[in-house]
Amino acid sequence: MEVIDTVAQMVRWRDRWKKAGRGIGVVPTMGYLHAGHLSLVARARTENEIVVATIFVNPLQFGPTEDFSRYPRNFERDAAVLEKAGVDLIFAPTPAEMYPAGFDAAIEISGVTEGLEGAVRPGHFRGVATVVAKLFNITGAERAYFGQKDAQQVAVIQKLVRDLNFPTQIVVVPTVREPDGLALSSRNVYLSEAERAAAPVLYRALNAAHQLWEDQPTHCTGPALRQTMLDVLADEPLAQADYVSAADPATLREYETDVPVGQGVLLSLAVRFDHTRLIDNLLVTIQPGIVTARRVLSGGSA
């Protein structure tokens with residue numbers, strides 16, 4: 001496995017692989033890897049001749065009061081894990097390498113960025129879209145792998161690729177969870193023992209809303225789904241909701257009346273435990289006579 005930290009090195013490897021006709025898959029991460037990230041690597045390994053993992057804690061997607069400086073990092077451990085998983089190359093640039101002096105570009109995605117995380121974290125998705133566009137260009141990957149625990153991030157990246165004609169296929173991989181339902185996240189390490197015991201309330205809240213949907217799939221309202229999640233969260237003293245959402249899966253606009261039959265609903269929430277903020281979601285889809293729920297991913301993002 002190669003480990004490199006400059007754009008010039010990555011471009012040389014990219015061009016060498018392209019000349020040899022070898023397909024490239026990329027798994028973008030911010031490091032401090034867990035089983036969710038490795039599920040992305042495993043999927044990439046089955047679908048590409050070359051697998052590149054990127055490790056880059058992107059300062060552009062952190063707000064001034066957020067946890068950039070304390071975001072967990074352990075490069076040596078991550079590199080050992082990725083080598084064992086069969087990654088061919090790690091691209092781990094510094095912020096100065098990605099954003100050199102004079103860097104002024106930014107990519108702004110409208111619509112799907114306006115609510116949920118976009119409303120709570122201004123500028124976050126501008127940072128995400130900008131770094132992902134750079135990584136796609138630098139690595140030349142035909143496929144890129146993301147976890148859909150970060151459902152809004154996936155929607156933003158899919159729109160980026162579609163609107164700007166990137167020749168990169170976005171592959172979304174389902175959420176990996178602990179036995180008690182907590183979605184894997186690099187930020188789980190911040191939780192105290194009591195907070196960790198309380199954290200599965202996110203999944204319980206999502207499942208309670210899903211149960212309401214199953215009980216009345218053709219007459220279920222957005223406000224009722226959101227209130228159901230809030231009621232479950234209210235029973236956990238350590239959990240403070242930033243938001244709960246019952247939205248159109250395509251546009252991420254909140255449902256304010258009945259959920260239209262055939263469109264499904266993305267149930268999502270963000271919850272704080274003191275200084276630690278966790279997100280999770282569940283995508284529920286409906287067809288005439290059939291209701292299915294699938295977990296919306298936890299993988300390579302934070």
Side-chain angles (χ1 to χ4, degrees), residues 1-5 10 13 24-48 50-62 66-95 97-98 124 127-128 131-132 134-136 138-139 141 143-151 153-154 157 170-191 196 199 202-203 276-281 295-302:
M1 184 183 69
E2 298 290 332
V3 179
I4 61 174
D5 59 8
M10 184 67 248
W13 278 104
I24 304 168
V26 65
V27 180
T29 85
M30 294 206 301
Y32 213 75
L33 305 180
H34 51 65
H37 297 101
L38 296 182
S39 72
L40 307 182
V41 173
R43 177 73 177 270
R45 187 70 277 170
T46 67
E47 297 177 349
N48 304 276
I50 299 294
V51 175
V52 174
T54 69
I55 298 177
F56 180 62
V57 184
N58 177 30
L60 295 191
Q61 66 193 67
F62 288 79
E66 294 181 334
D67 60 350
F68 175 74
S69 62
R70 65 187 285 260
Y71 191 85
R73 297 162 169 87
N74 190 334
F75 183 81
E76 289 74 17
R77 171 187 167 275
D78 289 344
V81 167
L82 290 172
E83 184 168 29
K84 185 176 181 180
V87 164
D88 297 289
L89 183 145
I90 296 174
F91 176 47
T94 64
E97 180 70 15
M98 290 294 280
H124 170 69
V128 169
V131 75
V132 167
K134 285 179 68 70
L135 291 173
F136 286 177
I138 294 165
T139 64
R143 299 178 188 88
Y145 295 79
F146 294 89
Q148 202 166 338
K149 178 181 75 75
D150 301 298
Q153 174 177 277
V154 168
I157 292 167
I170 305 304
V171 181
V172 183
V173 181
T175 297
V176 177
R177 298 181 180 276
E178 299 283 5
D180 60 7
L182 179 64
L184 296 187
S185 168
S186 298
R187 289 186 170 92
N188 290 351
V189 71
Y190 297 153
L191 297 170
R196 174 61 186 84
L202 278 77
Y203 194 48
T276 303
R277 184 173 182 275
L278 303 179
I279 62 173
D280 200 355
N281 51 61
R295 296 168 182 170
V296 183
L297 330 175
S298 91
S301 53

query = Is any side-chain heavy atom of Leu278 less than 4.5 Å from a side-chain heavy atom of Leu202?
reply = yes
Worked verdict on Phe146 versus Leu40 for side-chain contact (heavy atoms from CB on, under 4.5 Å) = CA-CA 7 Å; Phe146 294 89; Leu40 307 182; 5.6 Å; no
Chi angles and distances behind the side-chain contact (heavy atoms from CB on, under 4.5 Å) call for Val26, Thr54 = CA-CA 7 Å; Val26 65; Thr54 69; 3.8 Å; yes
remark   = Tightest non-hydrogen contact, residues Asn281 and Arg177, listed as O-NH2, 3.5 Å
request  = Begin with the C-alpha distance, continue with both residues' side-chain angles, and end with the deciding distance and a verdict on side-chain contact (heavy atoms from CB on, under 4.5 Å) for Leu89 and Ile50.
outcome  = CA-CA 8 Å; Leu89 183 145; Ile50 299 294; 5.9 Å; no
request  = Quick one: closest heavy-atom pair of Gly147 and Val154, and the distance?
outcome  = O-CG2, 3.7 Å
query = What is the distance from atom CD1 of Ile138 to atom CD of Glu97, rounded to the nearest 0.5 Å?
reply = 8.0 Å
request  = Show your working on side-chain contact (heavy atoms from CB on, under 4.5 Å) between Asn48 and Tyr145 and close with a plain yes or no.
outcome  = CA-CA 11 Å; Asn48 304 276; Tyr145 295 79; 2.8 Å; yes
inquiry  = Does any part of the side chain of Val189, heavy atoms only, come nearer than 4.5 Å to the side chain of His34, both counted from C-beta?
reply    = no
inquiry  = For Met1 versus Ile90, what's the shortest heavy-atom pair and its separation?
reply    = CE-CD1, 3.5 Å
ask   = In Å and rounded to the nearest 0.5 Å, what is the CZ to CE distance from Phe91 to Met98?
value = 5.5 Å
query = CD1/Ile170 to CD1/Ile157 distance, rounded to the nearest 0.5 angstrom?
reply = 6.5 Å
ask   = Within the distance-only criterion (no hydrogens, no angle test), does the side chain of Arg143 pair as donor or acceptor with the backbone N or O of Glu47 below 3.5 angstrom?
value = yes
Below 3.5 Å, can you tabulate the donor-acceptor pairs from side chains in residues 75-86 to any protein atom, sequence neighbours excluded?
| from | atom 1 | to | atom 2 | distance (Å) |
| --- | --- | --- | --- | --- |
| Arg77 | NH1 | Leu33 | O | 3.2 |
| Arg77 | NH2 | Leu33 | O | 2.8 |
| Asp78 | OD1 | Leu33 | N | 3.0 |
| Asp78 | OD2 | Tyr32 | N | 2.7 |

query = Would you say the side chain of Arg45 lies within less than 4.5 Å of the side chain of Val27, judging by non-hydrogen atoms?
reply = no
remark   = Correct closest heavy-atom pair for Val176 and Gly36 would be CG2-CA, 3.9 Å
inquiry  = With heavy-atom distances below 4.5 Å as the criterion, would you say the side chains of Tyr190 and Asp67 are in contact?
reply    = yes
message = So Asp88 and Glu2, do their side chains get closer than 4.5 Å, heavy atoms only?
response = no
ask   = Between Ile55 and Gly31, which heavy-atom pair has the shortest distance, and what is it?
value = CG2-CA, 3.9 Å
task = Could you tell me the separation between the CZ atom of Arg73 and the OG atom of Ser186, rounded to the nearest 0.5 Å?
result = 11.0 Å
message = Nearest 0.5 Å, please: how far is NE2 in His124 from CD in Glu66?
response = 7.5 Å
query = Got Tyr71 and Arg187 here, is their nearest side-chain heavy-atom distance under 4.5 Å?
reply = yes
key: Nearest-0.5 Å distance that lies between atom CG in Leu182 and atom CG in Asn188   = 4.5 Å
query = Which heavy atom in Leu135 sits nearest to a heavy atom in Pro28, and how many Å separate them?
reply = CD1-CB, 4.2 Å
